[in-house]
Amino acid sequence: MESSMLKLHTTRSWDFMDMERDGQILPDSIWKRAKFGQDVIIANLDSGVWPESNSFTDDDGVGEVPKRWKGSCPDSAKYGVPCNKKLIGAKYFNKDMLVNNPGAVDGNWTRDTEGHGTHTLSTAGGRFVPSASLFGYANGTAKGGAPRARVAAYKVCWSGECAAADVLAGFEAAIHDGADVISVSFGQDAPLADAGSFLQEPVTLGSLHATMQGVSVICSAGNAGPLEDTVVNSAPWVTTVAASTVDRDFPNVVTLGNSVHIKGMSLETTTLHSNKLYPVVKAGDAALASCDPVIASACPLGTLDPAKVKGKIVVCVRGGDVPRVTKGMTVLNAGGAGMILENNQMDGDDIVADTHVLPATMITYKEAVALSKYMDSTKNPVANISPSKTEVGVKNSPSMAAFSSRGPSGTLPYVLKPDIAAPGVDILAAFTEYVSPTEVPGDDRRSEYAIMSGTSMACPHVSGVIGLLKAARPDWSPAAVRSAIMTTARTQDNTGAAMRDHDGTEATAFAYGAGNVHPNRAVDPGLVYDLSNDDYFTFLCSMGFTTRDLTRLSAGKFTCPEKVPPMEDLNYPSIVVPALRISQTVTRRLKNVGPPSTYRASWRAPFGINMTVEPAELAFKKPGEQKDFKVTLTSEKDKLGKGYVFGRLVWSDGTRYVRSPVVVNALD
């Protein structure tokens with residue numbers, strides 16, 4: 001296989017998901033029902049681990065390592081990673097990277113020198129650590145999703161890139177060692193160009209191997225949103241996770257010389273004198289004579305004139321391929337007193353709190369327009385930036401993060417991706433002390449915990465929840481676990497309104513999949529949409545792969561059927577018909593994992609679509625019983641041309657609600 005490079009996709013969360021309230025664990029919390037993930041093993045393929053973090057110590061009565069575990073910590077480097085009863089595995093894989101990009105490899109060790117892997121692993125399975133914060137922000141107890149789980153780190157990513165053969169080697173090691181869950185917060189830069197290369201992509205292939213062994217694989221959806229058709233890691237055997245917000249912000253205020261107040265967001269660690277107004281200048285107007293003002297407006301390093309910047313607040317424009325915190329370093333290096341980072345029109349209202357190196361804030365496009373009008377109205381614009389604070393209970397949460405990649409999957413439009421949304425904005429978790437939380441050269445600050453955003457942060461939230469489900473429901477397949485999470489998800493925010501996208505419009509299933517994860521419900525979903533290895537092989541046959549193509553994967557034990565079913569009939573918890581021509585019927589199969597009960601179907605058809613369900617009532621007499629049903633979707637001729645439209649199907653026995661998104665693109 002030709003080597004390819006994958007990209008890393010870069011606490012209030014559990015309270016916000018109702019697993020606790022004000023730090024108190026509720027009686028119906030999945031934490032109690034799953035014994036906090038006791039002895040489940042979560043493997044993390046990422047940039048390694050910082051083993052000294054308190055998230056990975058074993059001094060709280062952790063029992064002996066499960067005897068089924070075959071892994072180890074073979075690091076022989078001076079600062080290698082040692083094992084304990086919590087962190088039970090640490091291995092590195094860099095042979096492919098050494099061939100293709102040797103300069104990216106920082107040593108033969110599993111130690112995390114970037115922070116990404118430590119952050120994601122502690123989110124999935126870190127211990128409860130009291131008094132954790134980032135420079136005083138988000139102070140509280142840091143918690144992993146499955147805090148009693150054992151964790152193992154597989155370093156397959158180096159300097160932000162992950163080479164294909166190293167990724168596959170990491171998968172195979174985690175499977176062999178005995179992992180129950182594999183968390184993967186990286187992927188391709190963009191969706192695969194064609195389905196023919198599907199099984200050549202390392203995460204797709206490695207995750208299929210894992211699924212065949214009963215190991216659940218959870219992947220980040222990518223950070224290329226809000227454009228459609230940007231979702232990656234779209235194989236139907238992985239759980240693909242989008243990023244949503246929590247109800248916590250870190251607001252501060254810009255006070256202008258005309259006494260107008262503009263709200264921003266920041267995690268700055270230094271502040272301005274509160275009783276002083278500072279001159280404000282646009283970065284483009286403070287460019288060095290040798291620099292294009294348009295380029296300088298985005299504040300790349302070395303573009304600002306110290307004579308025009310010293311002692312002033314500089315307004316930098318978001319983007320320009322310049323990391324947000326680096327822009328602040330540019331201003332600081334030129335002698336600036338502070339920075340206002342303003343959104344452009346495309347970024348809209350999506351703002352992020354960053355650990356800036358100087359007094360700073362980030363403002364929405366609407367506020368940026370107001371700021372520009374003020375600056376144009378006076379010869380001597382002035383302002384001040386207040387210190388930030390931590391604010392919880394923010395309304396209309398969750399909403400979807402702008403950066404979160406969206407469906408439909410261009411590679412596999414027959415399967416709805418992403419599957420689920422989870423907290424991925426301003427997430428506090430453990431971090432390396434090798435570099436600053438900003439990862440910006442010249443920033444000497446260090447912190448055991450960092451606040452990061454990305455689908456990389458959303459993914460391990462679901463990995464932790466799946467670890468809990470593996471503990472509570474050890475007999476469930478990876479498909480059953482994913483189904484339970486999807487069919488019990490929420491699509492409403494904390495005001496009871498429909499979840500919003502980053503721009504305030506109503507979000508769709510292409511943003512959040514089945515909805516925002518709701519862990520307590522997932523432990524008792526009533527019914528699941530299950531899948532076997534043969535079901536996945538049959539799906540690959542429907543994609544055009546042959547029995548010969550699948551011989552190695554199936555060990556010669558599978559033959560493609562003479563008549564392959566349509567891809568829409570994969571027994572998935574969501575329904576997608578990407579090219580409806582007049583009418584189509586899709587088949588699904590439900591498995592009872594609860595008590596005997598009768599479920600009745602209700603549905604909201606997508607706009608312009610007639611939808612029927614047959615039968616509309618299913619009586620289950622015992623656990624494990626399975627029953628089929630059919631959904632027929634028919635287009636209304638006078639309502640064509642709307643593109644993808646969205647509806648839902650719900651099966652309920654009056655106590656449990658088994659929800660599925662229904663997505664249709666009617667062509668005729």
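Values in this document were obtained by computation on a predicted structure and should not be read as measured data.
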Listed pairs under 3.5 Å, donor-acceptor, residues 554-567 side chains, sequence neighbours left out:
unit_1: S554; atom_1: OG; unit_2: L550; atom_2: O; d: 2.9
unit_1: S554; atom_1: OG; unit_2: G556; atom_2: N; d: 3.4

Side chain to side chain donor-acceptor pair (under 3.5 Å), paired with D180, selected from R68, R150, K470: R68
Candidate pair K642 and N665, rule side-chain contact (heavy atoms from CB on, under 4.5 Å), full reasoning: CA-CA 8 Å; K642 298 291 185 181; N665 181 24; over 6 Å; no
Taking the side chain as everything from C-beta on, heavy atoms only, tell me whether C459 gets closer than 4.5 Å to F186. no
Distance-only side-chain donor-acceptor flag, D112 / T432, under 3.5 Å: no
Reported NZ-to-SG distance for the pair K155 and C162, which is rounded to 0.5 angstrom: 11.0 Å
Residue pairs meeting salt bridge (Lys or Arg N to Asp or Glu O under 4.0 Å), one or both in residues 401-417, sequence neighbours left out, come to R406-D501, K417-D419
Minimal heavy-atom distance between T120 and S185, with the atoms involved, is CG2-OG, 3.8 Å
Can N233 and T240 be counted as having a side-chain donor-acceptor contact under 3.5 angstrom? no
For S405 and A224, indicate whether the former's side chain and the latter's backbone hold a donor-acceptor pair under 3.5 Å. yes
Between F539 and L412, is there a side-chain heavy-atom distance shorter than 4.5 Å? yes
Check: H502 side chain, G348 main-chain N or O, donor-acceptor pair, under 3.5 Å: no
If you apply the rule side-chain hydrogen bond (donor to acceptor under 3.5 Å, both in side chains), what do you find for D535 with T538, and how did you get there? CA-CA 5 Å; D535 289 327; T538 300; 5.5 Å; no
Main chain of H116, side chain of E114: is a donor-acceptor contact present, judged purely on distance under 3.5 Å? no
Distance-minimising heavy-atom pair for G424 and F403: O-CZ, 3.7 Å
Under the 3.5 angstrom rule, does the side chain of R659 hit a backbone N or O of T491 as a donor-acceptor pair? no
Going by the ring pair (Phe, Tyr, Trp, His ring centres under 6.0 Å) test, which pairs reach into residues 562-581, not counting sequence neighbours? none
Can any side-chain N or O of S660 pair as donor or acceptor with the backbone N or O of P573 at less than 3.5 Å? yes
Is it the case that the side chain of N100 and the backbone of D96 share a donor-acceptor pair, with hydrogens and angles ignored and the cut-off at 3.5 Å? yes
Rounded to the nearest 0.5 Å, how far apart are CG of L590 and CG of D628? 9.0 Å
Which pairs count as ring pair (Phe, Tyr, Trp, His ring centres under 6.0 Å) when at least one residue sits in residues 204-234, sequence neighbours excluded? none
We want to know whether T505 and D503 form a side-chain donor-acceptor pair, criterion being a heavy-atom distance below 3.5 angstrom. yes
Should V662 and P606 count as side-chain neighbours, where that means a heavy-atom distance under 4.5 Å? yes
Could I get the full list of side-chain contact (heavy atoms from CB on, under 4.5 Å) partners for P74, not counting sequence neighbours? S72, K91
Hey, does the side chain of R482 reach the backbone of S216 with a donor-acceptor pair shorter than 3.5 angstrom? no
Would you mind telling me which of V425, T455, T230 makes a side chain to side chain contact (heavy atoms under 4.5 Å, CB included) with S404? T455
Pairwise side-chain contact, P661 with L416, heavy-atom cut-off 4.5 Å (strictly under): yes
is_close_aromatic(W603, F629), centroid dist under 6.0 Å: no
side-chain hydrogen bond (donor to acceptor under 3.5 Å, both in side chains) involving S574 - partner list, sequence neighbours excluded: none
Distance col, row L87:CG vs L121:CG, nearest 0.5 angstrom, shows 7.0 Å
Where A666 and I609 come nearest, the two heavy atoms and their spacing: CB-CD1, 4.0 Å
How close do V231 and P418 get, heavy atom to heavy atom, and via which atoms? CG2-N, 4.0 Å
Correct closest heavy-atom pair for I182 and A210 would be CD1-CB, 4.1 Å
Do V650 and V658 have side chains that get closer than 4.5 Å, going by heavy atoms? no
Could you tell me whether the side chain of T245 and the main chain of S399 form a donor-acceptor pair under 3.5 Å? yes
Is the backbone N or O of N101 less than 3.5 Å from a side-chain atom of W158, with the two atoms forming a donor-acceptor pair by type? no
Report yes if the side chains of L199 and L208 come closer than 4.5 Å at any heavy-atom pair, otherwise no. yes
Show, in sequence, the C-alpha distance, side-chain angles and deciding distance for V577 and Y414, and conclude whether the side-chain contact (heavy atoms from CB on, under 4.5 Å) test is met. CA-CA 6 Å; V577 179; Y414 307 93; over 6 Å; no
Residue list, ring-ring contact (aromatic ring centres under 6.0 Å, His included) with F646, at least two apart or on another chain: F510
Checking D166 now: which residues fulfil side-chain hydrogen bond (donor to acceptor under 3.5 Å, both in side chains) with it, not counting sequence neighbours? none
Can you list the steps and then say if Y154 with D177 is a side-chain hydrogen bond (donor to acceptor under 3.5 Å, both in side chains)? CA-CA 11 Å; Y154 296 81; D177 290 347; 2.7 Å; yes
If you apply the rule side-chain contact (heavy atoms from CB on, under 4.5 Å), what do you find for C219 with S207, and how did you get there? CA-CA 9 Å; C219 296; S207 60; 5.5 Å; no
Check step by step if side-chain hydrogen bond (donor to acceptor under 3.5 Å, both in side chains) holds for D530 and N571. CA-CA 7 Å; D530 209 355; N571 197 44; over 6 Å; no
In short, salt bridge (Lys or Arg N to Asp or Glu O under 4.0 Å) pairs touching residues 568-586 with sequence neighbours left out are R581-D668
Can you sort out the partners of A422 under side-chain contact (heavy atoms from CB on, under 4.5 Å), two or more places apart, ordered by chain and number? V241, A458, H461, V462, V517
Determine whether I41 and V181 satisfy the following criterion, side-chain contact (heavy atoms from CB on, under 4.5 Å), listing intermediate values before the conclusion. CA-CA 6 Å; I41 299 168; V181 177; over 6 Å; no
Using side-chain contact (heavy atoms from CB on, under 4.5 Å) as the criterion, list what pairs up with E506, not counting sequence neighbours. A498
Hits for side-chain contact (heavy atoms from CB on, under 4.5 Å) against A421, two or more places apart or cross-chain, chain-then-number order -> A242, S244, M400, Y512, N516
To the nearest 0.5 Å, what is the distance between OG1 (T587) and NZ (K630)? 3.0 Å
Between W69 (side chain only) and I88 (backbone N and O only), is there a donor and an acceptor less than 3.5 Å apart? yes
Which atom of P398 lies closest to which atom of M499, heavy atoms considered: O-CG, 3.7 Å
